[in-house]
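Structure first, commentary second.
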Amino acid sequence: MKKWTRRAFIGTGILASGALVIGVAIRPGNRSSKVAGLIAEEGETVMNIWLKISPDNTVTAIIPHAEMGQGVHTTLAMMLADEMDADWSKVKFMEAPADKEYANYVVAKGFIAGDKTFPKFLEGTIDGVFLTAVKSMNFQITGGSASVRFTGQQGMRIAGAAAKAMLLQAAADTWKVPVEELKAEKSTISHPASNQTATFAELAQAAAKVKAPKQPRLKTPEEFTLMGTSQPRLDIPAKVTGTAKFGMDVILPNMKYATIKAAPVFGAKVKTVDTSIPSDSEGILKVLNLENAVAVVADGFWQAKSAINRLNIEFESTENDGKSQDDILNGYQMAMDKALEEGSIEEHFRSGDVLNALSEAETIVEAEYQLPFLAHATMEPMNCTAWVHDGKCEIWCGSQNPLGAKAAVAELLDISPDQVTVHNQLLGGGFGRRSETDVIKQAVAIAKEVDYPVKLIWSREEDTQHDVYREATISRMKAGLDESGNPVAYSHQFLFKHHPPEAADLPYSVPNQLIQFTSPNSFVPWGNWRSVDHSVHGFLTESFIDELAFAAKKDPLAFRKSLTQDKPRFQKVLDLIQEKSDWNSPLPTNWGRGIAIAQSFGSIVAEVAEVEVNVEGKVKVHRVVCVADAGFAIHPDGFKAQMESGIIYGLAAAMSGEITIENGAVAQSNFHDYQVTRMSEAPKIETHIINSGNPPGGAGEPSTPVIAPAVTNAIFNATGARIRQLPISKTDLRVSIQQAT
Amino acid sequence: MINLTINGKEYPVEAPAGMPLLWVIREQCELTGTKFGCGIAQCGACTVHVDGQPIRSCITPASSVEGKNITTIEGIAPDENTLHIVQQAWIEEQTPQCGYCQSGQIMSAVALLNENPTPSDEEIEQAMSGNICRCGMYGRIKSAIKRASAALQASTSNPLLP
Ligand code: FES
Ligand code: FES
């Protein structure tokens, strides 16, 4: 695939797609006049679709990503303002309207660049609209840790630089002075020689008529004034006063509330339900059969919930009714055996001759791993408010994929996407769950039956039992070491390959490798779970390499270093974590230390966990040291916060996270049986960032994949017990710890 | 019809028998800072104060708190232009991530500091472990509580209670 360059992007890419129009003024007939109508107010000049300038000299960055806690609004606004030399105290942001003009062209481009194929998940999140990278740039998706990497680097910075160039040119034309003599600083252009100054706002109208530069010069890191600093996040004040508005908080005139009871077994349908208004319930307005669920509309959520609990609903039986977790896992084992037998197993990567190398190896290490289904459990349960009126539909919700939502709603109602308005709200956690459109479509299906707006709220129980899940899986790993303990062969057979495509790659240099996979059928719906396939492979690869280090009688950190000598970024990260974690210092009895490292979404993250296993076998993670090569951290404190967040999220899953299937349905229902990390269980986290001069890496996901193996490797270090099955709570560590001490 | 006193204001509301305070606050009084997270007293997102004591509003019938002083996140700042010491500390530590749990966290923290202005790490963990943060901001929440505690010691004019 052709390598994508900035020049191509500004030159043809933008103009052909219309998705990113740098510095085009608002004139009749211009594509961005539509955008102006969406974002501009009286007197404001829209410089390009990413920014506008108000008469009071405020610069507003238009951010095409949802805020779900990653501070993306602040970080992206900083990138734009820095290039533009805008006065940060006069910079505001607004979230871009869900409109195809804001389709996330740069995200798509980002995935194409560097020979990556276009990820399936982006296609799948827009139901009914098949996308290819080139033909249709219909996304505005927040995910894949992509905002800073793609929108920021390739959209915001260029837009800011282009706007500055245009403002400078406008000043030069007005004052009849050479543009090189001008200075831009704090939202002002000045000409020191003639002592003239003008604000951005004063020049905006003239600047909008200047031809956009083909390739504006971007700052070098030494010139940054905002990038690389930790500006207070713009979204935080409203989040401490209770005034921040999440999807859950939408209130509209005449609005009513709905809740649902979905068929517990995946794929089942409602057989019978009496949809007349129950006489024993107050405030009930409607009972609806939605085929795979029943909905009740009422004056309030609690009224709806109470009524639905009392309804007599019968669901049809399906072939999945009797299925249990064991059935699923046995099925996976059989599918793997069959794929190997028949030779239908697919190849992920091959080098050298693994079979031969294994047969000649001095030591063979073999292990089978097992991982559970995981739910997202965002703090804010699923919800969406919808209003179908006058042939139109408006929805209010926190979505990672507002354009996908728009397309899905249009298809459901058989109306044009232009008739669908998405009012995106703050997200009370996304983690991939809010890139789906299931809840949105359900809200619309309910709203189309009534003539008022309806807020659909899922109970936590529905949220837990009708998520889209990180898959449960098994993996078979085998390796051979030579007489000096160097790995010479590596074979890995895993299940399911979603994305990113490189997740199962081995970062270590082993000459003979065979990595294969097969994808059995599963009736449990799958979805993007924070870091996606890396959440699986981080654990597998980093556990198994630890087993190899042990078999080779080598220090786990030194072993990793010796096998990544061709990767200077890995070497630096490993060196720094060795120092910061006091890797070689002694620990109290019953304690252990474990390391894991992985590259994902453009960042390389290593973590060292210090754990204590007490005589009852209870595991306490005391400390996690995290070293991340961030490329360049645009907002270091925000980057750190994301590392902390990803560690706790991954830790919750590692310690106790497990969704199991009983009788075809999810057995867990709420936080009492799908337990998450609480403050008393949270380790002290120390994060160290390396700015290696590489392009900025992702922040929201890369710390998640490594925490589980760091902890299980530490448990091995403390007890000699190798955890090959997650969550950790499934393993009784009492005996191991008693033997170890 | 019941009369609730929330943040010093009277709210006459129609609440069916058994309706939890959470839904009255959110849907009838339209104070949406108090959040729904689990509905079964597991997550703390719905924490409000009743006569100064932190309670889980999702399992507290509205009728049971008639005549009592209910305080929500909207009611802890001393006035419109001043933040509560705990809110201020939350900003200084850049604590919230998605922010959804933070009203509940702050209400639990204020209640803790009212009881115990200088809590130890363990006392903080004890008091805060009923509040889940899925964004995992526990380290920052803890630091913010300590910062608020220190600010509280330093201030004479800024009483903790609104
Ligand atoms: S909603 Fe009340 S404790 Fe979770
Ligand atoms: S900040 Fe998101 S749940 Fe706490």
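Chain letters run A, B, ... following the sequence lines, proteins first and then strands; every chain starts at 1.
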Using heavy atoms and a sub-4.5 Å threshold, report which of residues 119-126 of chain B line up against chain A, by residue number.
Ile124(B), Glu125(B)
Decide, yes or no, whether a salt bridge links Arg460(A) with Asp463(A) under the criterion of side-chain N to carboxylate O below 4.0 Å.
yes
So, the part of Ile106(B) with a heavy atom under 4.5 Å from chain A: the answer is side chain
So for Ala89(B), is it side chain, backbone, both, or neither that comes closer than 4.5 Å to the heavy atoms of chain A?
neither
Contact class of Asn383(A) relative to chain B, heavy atoms under 4.5 angstrom
neither
Check whether Phe671(A) gets within reach of chain B through its side chain, its backbone, both or neither, counting any heavy atom under 4.5 Å.
both
Under 4.5 Å heavy-atom distance to chain B, tell me which part of Ile685(A) shows up: side chain, backbone, both or neither.
neither
Ranked by heavy-atom pairs below 4.5 Å to chain A, first place among Gly18(B), Gly136(B), Gly37(B), Gly33(B) goes to Gly37(B)
Pick one of side chain, backbone, both or neither for Ala238(A), based on which atoms fall under 4.5 Å of a heavy atom in chain B.
neither
Between Ile648(A) and Pro683(A), what is the shortest heavy-atom contact and its length?
CD1-CD, 3.9 Å
Output the distance between atom OG (Ser143(B)) and atom OH (Tyr138(B)), rounded to the nearest 0.5 Å.
14.5 Å
Tell me if a side-chain donor or acceptor on Arg140(B) pairs with a main-chain N or O of Gln97(B) at a distance below 3.5 Å.
no
Aromatic ring proximity, centroids under 6.0 angstrom, Phe36(B) and Trp302(A)
no
Taken in chain and number order and not counting sequence neighbours, the residues that satisfy side-chain hydrogen bond (donor to acceptor under 3.5 Å, both in side chains) with Ser531(A) are none
If one checks every heavy atom of Met19(B) against chain A at 4.5 Å, the contacting part turns out to be both
On a heavy-atom basis, the closest approach of Pro381(A) and Trp458(A) is CB-O, 3.5 Å
Dump the intermediate steps for side-chain hydrogen bond (donor to acceptor under 3.5 Å, both in side chains) on Ser645(A) and Arg530(A), then the final yes or no.
CA-CA 11 Å; Ser645(A) 175; Arg530(A) 200 171 192 169; 3.1 Å; yes
May I ask you to name which of Glu282(A), Lys245(A), Met248(A) has the most heavy-atom pairs under 4.5 Å with chain B?
Met248(A)
Quick check on the interface: out of Ile132(B), Ile91(B), Ile73(B), who has the most heavy-atom pairs with chain A under 4.5 Å?
Ile132(B)
Residue by residue, scan residues 21-29 of chain B and write down, ordered by number, those that have a heavy-atom distance under 4.5 Å to chain A; if none do, write 'none'.
Trp23(B), Arg26(B), Glu27(B)
Please report the interatomic distance CG(Asp637(A)) to NZ(Lys640(A)), rounded to the nearest 0.5 Å.
7.0 Å
Minimal heavy-atom distance between Ala111(B) and His49(B), with the atoms involved, is CB-NE2, 3.7 Å
Contact part of Leu651(A) toward chain B, heavy-atom cut-off under 4.5 Å: side chain, backbone, both or neither?
neither
Rounded to the nearest 0.5 Å, what separation is found between the SG atom of Cys397(A) and the CD atom of Gln425(A)?
8.0 Å
Shortest non-hydrogen separation from Ser669(A) to Gln465(A) and the atoms involved:
CB-NE2, 3.7 Å
Answer yes or no: is there a donor N or O on one side and an acceptor on the other, between the side chain of Asn131(B) and the main chain of Gly104(B), under 3.5 Å?
yes
Please confirm whether the backbone N or O of Gly432(A) pairs with a side-chain atom of Ser435(A), one donor and one acceptor, at under 3.5 Å?
yes
Closer than 4.0 angstrom, basic N to acidic O: yes or no for Glu74(B) and Lys9(B)?
no
Inter- and intrachain pairs under salt bridge (charged side-chain N to carboxylate O under 4.0 Å, His left out), touching residues 675-687 of chain A, at least two apart:
Arg623(A)-Glu686(A), Lys684(A)-Glu686(A)
Thr378(A), Val676(A), Leu426(A), Thr464(A): which one forms the most heavy-atom pairs within less than 4.5 Å of chain B?
Val676(A)
So for Lys455(A), is it side chain, backbone, both, or neither that comes closer than 4.5 Å to the heavy atoms of chain B?
side chain
Once the angle between the rings of His423(A) and Trp396(A) is folded into 0 to 90°, is it parallel (under 30°), tilted (30 to 60°) or perpendicular (over 60°)?
parallel
Among Gly139(B), Cys133(B), Pro20(B), the residue with the most heavy-atom pairs under 4.5 Å to chain A is Pro20(B)
Member of Val624(A), Thr687(A), Val711(A) meeting the side-chain contact (heavy atoms from CB on, under 4.5 Å) criterion with Glu607(A)
Val624(A)
With a 4.5 angstrom heavy-atom cut-off, could you sort out which part of Glu644(A) is near chain B: side chain, backbone, both or neither?
both
Partner chain A: residue of Met128(B), Glu30(B), Gln105(B), Gln88(B) with the largest heavy-atom pair count (under 4.5 Å):
Glu30(B)
Please rank Glu92(B), Gln102(B), Lys142(B), Lys35(B) by heavy-atom pairs under 4.5 Å with chain A and give me the top one.
Lys35(B)
Please classify the contact between Thr241(A) and chain B as side chain, backbone, both or neither, with a heavy-atom cut-off of under 4.5 Å.
both
Select one option (side chain, backbone, both, neither) describing which atoms of Ala244(A) are under 4.5 Å from chain B's heavy atoms.
backbone
Backbone N or O of Arg233(A) within a donor-acceptor pair of the Thr74(A) side chain at under 3.5 Å?
no
